[in-house]
Amino acid sequence: MSGRAGEKHVWTWPIAGYLFLGGLGAGMTLVAAVADLVFGLGSVMAASVAGSLVALGLGSFLLVFELGRPLAFWRVFSAQKAVLTFGAWMVSVLIVVDALYFSFLSGWFPWSGASGAQGAVAVIGSLLGCGVLVYTGVELASMRARVFWNTPALPVLFVFSGLLTGAGGDFLLVLVWTGSGIGTTGWAALGGLALAMMLFAAVTLFTVLLYVLMMLTSAGTEANTVARRWLVGRYALYFWVGVIGVGLLVPLVLLGVGISAQQASGGVLPMAVASALVMVQGVFLRFLVVYSDDRKMLAGELRRRERRPSGTELFLRAHKG
Amino acid sequence: MTRFAMVMDTRRCIGCDSCTTACKVWNDLPLDLEFNPVVTDGPNGVYPHLHMVHLPLICMHCAESPCVHVCPTGASKCDDDGIVWVDEAKCIGCGACMAACPYDARHKDSASGVVMKCDFCKDRVRKRQEPHCVWTCHQRARIFGDLDDPTSDVARLVASVRTEQLFAEMGTDPQVFYIIGTGGQG
Amino acid sequence: MPHKRLDDLSDPAIEVRKSMCYFCHTNCGVLAYVKDGEVLAVKGDPSHPVNKGGLCSRGNIALKHLNHPDRINRPLKRAGERGENKWETISWDQALDEIAERLAEIRDTYGAEAVATAGGTLRTDDWARRRFMNLYGSPNGFHNALLCWIPTFMIEAAISGWSPFVSDMANSRIAVIWGANPGASTLPSMRGITDLQKNGLKVIVIDPRFTETAAHADLWLPIRPGADLALALAWINVIISEKLYDAAFVRDWCVGFDELAQHVAQYTPEWAEPLTWLSADLIRTSARLYATNTPGNIQWGTALDQQGRPSGAGIQARAILRAITGNIDCPGGDLMPGPSEEYVVDEELEANEYLSEEQRAKQIGASTFKLCAWPGYRLIADIAKEKWGKAPTAEWMCEANAPAVFRAILTGEPYPVRALIVSATNPVSSYGNSLEVMQALKKVDFLVTCEYWMTTAALYSDYVLPIAGALERPIIHNSYGCSSSLIASQRAIEPLHERGTDYWFWQGLGLRLGQDEDLWPWDNEEEAYYYVVYPLGFDVEDYDEFVEVVGSYFPEPQYYRYRENGFTTRSGKVELYSSVLEELGYPPLPTYVGPVENEQDHPELAKEYPLVLSAGGGFMPFHHSEEFNVRELRYLRHEPYFEINPATAAALGIREGDWCWIETRRGRIRQRAGLTNGVHERVIVTQRGWWYPERGAKGDDPFGALESNTNVLTATDEDECDPISGTWANRGLLCRVYPCKKGGRP
């Protein structure tokens with residue numbers, strides 16, 4: 001339709017990065033809080049919470065980077081009902097809560113160990129984690145114009161993918177926090193996180209395949225086109241290798257190997273590698289989704305678009321001064 | 001009340017792009033920005049039994065405007081007279097409205113970073129002047145007016161001729177109404 | 001907000017000038033808002049009879065054109081080799097002095113006929129050019145207007161005394177739009193048609209393309225390019241054999257009907273079917289539709305003027321169709337205005353009487369192509385003068401044959417042409433067989449170009465003169481000086497920088513060559529135009545006031561004027577059997593000849609070049625080769641697309657958007673493939689006018705003026721031109737198409 005030379009996508013890599021880091025950070029806090037509240041493993045999760053804070057901070061930076069007017073970013077907090085505003089608030093508060101939560105878990109501060117207060121912060125953190133996880137999907141799914149996004153299945157997919165990356169991130173940071181002396185609590189946490197990862201990876205795998213198949217068989221031709229792009233087209237390599245292979249199947253195998261050899265320290269390495277690899281699906285999935293922003297087109301719109309200048313034409317640059 | 005709307009009479013449109021250029025020149029748009037392009041559906045059919053329809057496009061000034069709902073800063077507004085516009089001072093260029101718009105009617109200006117769109121030439125129409133895309137049209141294929149005024153051309157046409165809203169199924173309730181048909185009928 | 005400046009036109013210091021758009025010759029009225037000599041805005045004039053306020057893309061970029069950074073603003077004198085693009089900026093005085101000196105030298109050495117002028121479409125004050133040439137003594141002015149109405153006007157004038165070119169559309173029951181696409185080229189006329197369709201006007205479109213207009217028609221005849229003559233003859237056959245003609249009109253007001261009936265008996269719809277690619281049924285249906293829905297009109301379209309060899313006979317047959325159906329000069333038919341008897345017409349401004357018989361006889365091409373040159377023009381003008389005391393405009397209607405002049409430059413036959421003055425055209429883009437034209441421009445001894453921009457012609461010139469545009473000059477439009485109506489406009493501002501008008505140029509040159517000051521009595525256009533409109537008798541002090549108060553002058557349409565004094569022919573009737581054509585040695589009845597290149601007459605050629613080419617008509621937003629520099633317009637169409645049927649494309653391995661070569665015997669060009677089922681499987685339609693000004697004057701093909709230029713493909717050899725008018729062939733040529741190799745450039 002209208003639009004400008006070279007404009008292909010509404011959003012590009014910074015938003016994909018933001019969605020990934022947002023999901024990662026939220027997932028890390030949520031998983032850590034559950035480990036703390038339900039399993040009493042909080043003492044090894046301090047770095048995970050700090051990592052969540054860093055991920056969320058970095059994500060917010062990317063979001064601001066994508067803005068047309070980055071310096072006016074603070075206005076994002078000003079609307080009443082917009083999903084983006086709600087999300088921005090949640091991310092910001094979660095960063096603060098993460099900082100507080102870290103102060104309890106780290107044991108570095110005088111008030112560390114005040115278990116009542118720590119519990120309250122953990123509950124708030126897990127709720128916000130849930131919120132942010134869901135929000136990253138809802139932000140896209142609410143766009144009725146975008147055929148590949150506009151389904152309640154997208155938040156579900158993002159939640160599980162985010163939980164998977166969150167658990168992976170937590171796993172790695174538990175290792176970092178405990179260092180060489182993993183200890184019983186450490187082992188318990190690592191074992192639990194590995195099991196959680198297996199569960200999340202399996203669900204994510206199932207959901208993402210179902211999602212793409214659903215799009216392939218849905219009524220709109222644009223959605224079919226995108227699904228084909230994922231399965232056999234331009235995005236197939238990223239999808240099959242990045243998301244499915246390296247991001248989900250390989251980690252599933254590695255986790256299986258690691259869990260069966262858990263008590264031996266030899267199990268840590270494959271699990272750690274798996275934890276790192278699940279990030280790959282998180283990144284690729286967000287990229288593929290963000291770049292699948294196809295609109296339902298009017299007849300003739302595509303031809304006009306194809307015949308429009310791409311932005312590199314000589315005549316566009318002629319006599320500018 | 002005033003409710004501004006436009007009728008596109010495709011029985012009259014010939015796809016000349018005069019509206020596209022008038023808008024660009026008079027609104028001093030960046031070279032690569034078009035608020036109201038015309039797309040051509042066709043020729044369709046089996047030679048030599050063909051038909052072809054030109055669709056002049058524009059911001060649909062939806063009554064249920066998704067772009068306004070998603071704006072995180074309140075820069076995207078829908079005024080009481082139905083005009084959907086962007087308060088550039090408040091826009092941060094996040095792109096949410098661009099993603100939300102089913103009609104590709106919003107675009108980020110690379111120079112200022114804010115989102116630009118058709119505002120129905122609000123400064124003109126509120127002074128009872130026609131939008132630039134309307135006065136320039138030789139074919140009088142674009143008809144602008146107040147839907148709440150039963151004597152206006154738009155109200156009369158919408159009441160008497162079968163019109164369609166583009167992508168009505170998305171629930172946006174566009175205030176641009178299309179009379180679909182070929183020549184000899186308008 | 002950026003548009004506030006344009007929108008606030010309420011400032012009392014702003015003067016509103018009634019100007020006219022000049023970017024095609026529809027000449028829409030515009031209001032120019034002027035303050036302190038600066039045009040702030042240009043809008044369609046709602047009160048103008050032509051456009052009623054509407055304005056197309058071109059009209060909307062008037063200010064971009066006026067202030068365009070590429071405009072030439074000072075006279076340029078060549079400072080390097082020809083084509084080297086090195087210039088010295090000089091004054092108008094110096095330029096005119098030096099050009100005049102050179103022209104005097106050429107006249108003294110080779111004779112005045114060694115100087116020719118090339119014009120473009122109706123753009124300039126061409127009566128001033130003619131005046132100059134007549135006083136200078138050369139008969140060799142020419143335009144590319146043979147492609148545009150001139151053959152139509154002259155053949156119709158030969159048959160019925162004047163061209164019946166004013167359609168009384170509002171009273172018509174049917175309009176036949178024949179080889180024209182008002183939906184892309186004359187938008188106000190399209191609006192009229194669309195409005196009237198609501199009231200029941202039927203529309204037939206004859207066009208190889210499913211055009212913007214065809215899409216709105218009741219019946220579309222997708223004719224083989226160049227086969228219009230066969231269709232017209234078959235229509236006559238149907239109308240006569242089925243007795244659908246107007247028997248009374250034919251009996252009382254036509255001569256030669258019996259000869260015609262006998263002659264066209266051979267041209268049955270079945271005969272025409274393989275030539276036109278239209279079924280005999282469709283030919284019958286359409287002929288009946290036209291003949292039984294009287295009154296009706298046949299719109300003039302350039303297509304018949306652009307077919308080369310069969311053009312003249314096709315135009316003749318079309319004129320006969322109007323006559324035998326009684327659709328001439330009646331309400332709802334095609335009205336014949338005649339020259340204005342109320343104001344001074346162009347011919348009276350041309351000083352034709354100053355060109356001696358001896359010099360007239362030297363007009364290049366006139367002995368072969370007689371009608372639109374002195375031999376034919378004289379016959380028609382004499383009859384017209386007898387009746388009206390006025391004649392058709394000689395500029396346009398009586399000219400040297402353009403391809404013959406370019407060949408004269410190259411071959412020296414019949415005599416060498418030493419100098420060419422180019423104005424309002426880039427001949428490389430707009431005349432036929434561009435490769436030959438390019439050679440001629442490079443070869444001619446002395447080349448002067450009057451231009452807005454640097455073009456190929458300007459690049460090879462010795463002098464380039466900066467010309468004022470629409471807002472910088474007043475305009476009178478009266479259909480090449482051949483209408484009884486006129487529309488007039490004011491100068492919005494004085495020419496910017498050192499731009500000058502055409503009148504200024506020709507007058508300046510004439511005076512320097514010793515032409516009598518009394519023969520150039522007007523200091524500027526306004527004075528000359530006041531002289532033109534003065535006899536209308538309006539109470540106005542000057543031309544500016546005339547535009548202010550009167551603006552356009554449309555006399556009440558007069559019907560059946562022939563009933564008083566007969567038609568302006570020798571017989572006083574419509575000559576279906578034309579005495580003028582017979583006297584000039586042409587078939588007096590329209591006689592079939594095939595398209596310039598066709599599968600029947602040239603089967604061998606058709607094997608090599610299996611597709612049929614139409615070199616394209618007007619398409620928005622450009623007019624001919626104009627405005628390719630204006631980025632706001634280029635953005636709409638930045639690359640050339642030719643039309644090809646998807647089945648043909650598939651067979652040739654061509655996908656949408658592929659760059660392809662389109663090749664005829666004369667050369668090849670590249671355009672991108674636009675797949676559409678709006679053309680026949682054997683038809684290719686290119687886009688015309690393409691050049692790439694942004695590339696600059698560099699390289700083997702400066703401005704890319706040949707790369708995608710459809711006129712590289714067109715045919716201008718003597719035997720390819722219409723023997724009657726001399727027009728050349730842009731339609732009905734054989735071509736082949738194949739994909740360019742990746743990244744291939746010529």
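Side chains included, hydrogens not; waters and symmetry mates left out as well; all remaining heavy atoms used.
- In this structure, chain B has heavy atoms under 4.5 Å from both the backbone and the side chain of C:K43.
- At a heavy-atom separation below 4.5 angstrom, chain C is approached by B:Q139, B:R140 within residues 139-146 of chain B.
- Counting all heavy atoms, side chain and backbone alike, B:P43 lies closest to C:F210 at CB-CD2, 3.7 Å.
- Of the two parts of C:T213, neither the backbone nor the side chain holds a non-hydrogen atom closer than 4.5 Å to a non-hydrogen atom of chain B.
- Interface remark: C:R634 contributes no atoms to any contact with chain B (heavy atom separation under 4.5 Å).
- When each of C:L196, C:N645, C:T676, C:L636 is checked for heavy-atom pairs under 4.5 Å with chain B, C:L636 comes out on top.
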Output, in order, the C-alpha distance, side-chain angles, deciding distance and verdict of side chain to side chain donor-acceptor pair (under 3.5 Å) for C:N60 and B:T136. CA-CA 8 Å; C:N60 273 294; B:T136 204; 2.8 Å; yes
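- Evaluation of the ring-ring contact (aromatic ring centres under 6.0 Å, His included) test over residues 55-84 of chain B, restricted to residues two or more places apart or in two chains, returns B:H61-B:F120.
- With hydrogens and angles ignored, the 3.5 Å screen pairs a side-chain donor or acceptor of C:S57 with a backbone N or O of B:D17.
- Counting heavy-atom pairs closer than 4.5 Å to chain B, the top residue among C:K64, C:H680, C:E632, C:E681 is C:H680.
- For chain B, no part of C:V203 is nearby; none of its heavy atoms comes within less than 4.5 Å.
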Go through the steps to decide whether C:H216 and B:R12 satisfy the test side chain to side chain contact (heavy atoms under 4.5 Å, CB included), and finish with yes or no. CA-CA 8 Å; C:H216 287 76; B:R12 300 185 63 90; 5.9 Å; no
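- For B:C16, the parts lying near chain C are the backbone and the side chain together; criterion is any non-hydrogen pair under 4.5 Å.
- With a 4.5 Å cut-off on non-hydrogen atoms, C:P621 does not touch chain B at all.
- For the atom pair CE (C:M620) and OG1 (B:T20), the distance works out to 11.5 Å, reported to the nearest 0.5 Å.
- Within residues 44-53 of chain C, the residues approaching chain B closer than 4.5 Å by heavy atoms are, in numerical order, C:G44, C:N51, C:K52, C:G53.
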Report the C-alpha distance between C:C56 and B:T21 in whole Å, list the side-chain angles of each, state the deciding distance to 0.1 Å, and finish with yes or no for side chain to side chain contact (heavy atoms under 4.5 Å, CB included). CA-CA 8 Å; C:C56 79; B:T21 307; over 6 Å; no
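- When side chains are defined from C-beta on, C:L221 does not count as touching B:P48, because their heavy atoms never get closer than 4.5 Å.
- Across all their heavy atoms, B:H138 and C:C28 have their closest contact at CE1-SG, 3.8 Å.
- Closest approach of C:Y635 and B:D32 over heavy atoms only: OH-O, 3.4 Å.
- Looking at B:H54, the atoms closer than 4.5 Å to chain C (heavy atoms on both sides) all sit in the side chain, from C-beta outward.
- Per-residue heavy-atom pair counts under 4.5 Å with chain B were compared for C:A184, C:G192, C:G183, and the maximum is reached by C:G183.
- Residues of residues 147-162 of chain B having a heavy atom under 4.5 Å from any heavy atom of chain C: none.
- With rounding to the nearest 0.5 angstrom, the SG atom of B:C137 is 11.5 Å from the CG atom of C:L55.
- Using a 4.5 Å cut-off between heavy atoms, B:C19 makes no contact with chain C at all.
- For the pair B:L31/C:R631, a side-chain contact is recorded, criterion being any heavy-atom separation below 4.5 Å from C-beta on.
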Run the numbers on B:L50 and C:N677 for side chain to side chain contact (heavy atoms under 4.5 Å, CB included), then give the verdict. CA-CA 8 Å; B:L50 305 174; C:N677 49 7; 4.1 Å; yes
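- Proximity to chain B (any heavy atom under 4.5 Å) is restricted, for C:L633, to the side chain, taken from C-beta onward.
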